[in-house]
Each structure stands twice: as structure tokens, then as C-alpha cells.
Amino acid sequence: MILIHACCAPCVSPILDELNDYHVFWYNPNIHPYREYLRRLDTLKKLRDEKGFELIIDHEYDIQKWLEKVIVLNKKNDVLRCRFCYADRLEKTARYAKEHGYDSFTSSLLYSPYQKHELIKEIGESLSKKFDINFYYRDFRDLYPKGDEIAKRYGLYRQGYCGCIFSEFDRYGGRDNENKD
Ligand code: SF4
């Protein structure tokens with residue numbers, strides 16, 4: 001049985017069609033603001049209701065702790081910021097998987113071409129050793145067109161930025177939008 005960390009419904013949906021024996025795990029304190037967090041969680045619940053999988057929700061959302069840590073790292077560079085963010089979420093997943101008797105863990109973060117794929121892989125493999133549990137690695141990025149189609153079919157909300165306020169600024173006001181009028 002695999003425990004799949006879901007960063008959001010559109011990213012996890014095509015992965016579910018590839019695997020047989022799994023539960024889905026939600027832990028994403030990196031999503032800001034809080035109403036966006038709730039919207040993405042509600043979208044995952046909608047997918048759960050459509051497809052009928054087991055969804056485990058970790059509601060921890062300590063925005064104070066998360067921002068204190070990430071603001072310091074972000075001053076240095078965004079790779080350090082994302083390293084912390086991936087490791088935080090994957091560690092929660094690996095720990096839960098180990099403590100609850102799963103064979104493996106993985107993450108829908110491996111699906112998005114916009115994520116730092118090699119970094120996620122490296123962190124997953126390191127946590128696999130730390131918790132003595134298999135990290136199910138696959139490059140799911142080839143499923144990207146299929147994910148689009150599933151999101152449209154189920155009417156899933158698709159967000160425009162990764163999650164944190166830094167990524168929201170990069171997308172709508174910062175370096176990803178340098179040529180705006
Ligand atoms: S850009 Fe995404 S992965 Fe990186 S810190 Fe922000 S929410 Fe986390």
C-alpha cells in the first residue's frame with residue numbers, strides 16, 4: 001500500500017489512475033492565503049467523493065512557524081526555500097506512512113513540470129533511508145496532458161501559482177511577469 005502525498009487535486013488525479021493500492025495524504029501548510037488552502041483542500045475532497053479513495057487529512061497549518069523559517073531561507077535563494085517546503089511535507093508523509101504500516105510513500109509533486117523535480121527526488125530518497133520505508137519514485141511529468149483533461153472532466157479548480165506568497169508574487173507581480181504593462 002502506497003501513501004501518496006497530494007499537493008493538490010489536479011496534480012494527484014492522473015497519478016491515481018496509474019497506481020492500484022494507495023491512500024492519499026494531505027499536509028500542505030505552504031498554501032497561502034488560508035482561503036486558498038481551504039479551496040484546494042475542498043477540491044481534493046471533491047475528487048475523493050468522485051473517485052472514492054481514502055483521504056487522510058493532516059490539518060496542521062502553523063503559518064507563523066512556516067513563514068519565520070521560510071523568510072530567512074528566501075533571503076538567500078528560492079531553492080533553499082523550496083527545499084525546506086518539500087522536506088517538511090515529505091517528512092510528514094514518510095513518518096505517517098512508517099507509523100501506519102504502509103509499504104511506500106510518494107508525492108504528486110513529482111507530477112508538475114514547474115516543481116524542482118530532482119530536489120524532490122533527492123529529498124524523498126533521503127527520507128526513505130531516515131524512516132526505513134520505500135520511496136516510490138516515478139517521473140510522473142509525462143502525465144501532464146492527462147492531468148489537464150481529468151481536471152476539466154471533473155471541473156476541478158486549478159490554481160495559478162505553487163502555494164506560498166512568494167510564488168504568488170512571482171506569478172502575478174514579480175519575475176514571472178516582468179513584461180507586464
Ligand atoms: S514555491 Fe512552492 S515549493 Fe517553493 S516554497 Fe513556495 S509553496 Fe513551497
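Whatever order the structure lists them in is the order used to number ligands and atoms, beginning at 1.
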How many angstroms lie between atom CH2 of Trp26 and atom CD1 of Ile4, to the nearest 0.5 angstrom?
14.5 Å
I need the Lys121 NZ to Ser107 OG distance, nearest 0.5 Å.
14.5 Å
Any luck finding a side-chain donor-acceptor pair between Glu36 and Tyr157 under 3.5 Å?
yes
Is the closest side-chain donor-acceptor distance between Tyr27 and Asp88 under 3.5 Å?
yes
Ring centres under 6.0 angstrom apart (Tyr37, Tyr34):
yes
State yes or no: are the ring centers of Phe105 and Phe135 separated by less than 6.0 Å?
yes
If you count every protein N, O or S atom closer than 2.8 Å to atom 2 (Fe) of ligand 1, you should arrive at 1
Taking the six-membered ring of Tyr161 as reference, does the cationic atom of Arg40 (NZ for Lys, CZ for Arg) lie under 6.0 Å from its centre and within 45° of its axis?
yes
Tell me the contacting part of Arg89 for ligand 1: side chain, backbone, both, or neither, using a 4.0 Å heavy-atom threshold, strictly below.
side chain
Please confirm whether Tyr86 approaches ligand 1 to less than 4.0 Å, judged on its heavy atoms.
yes
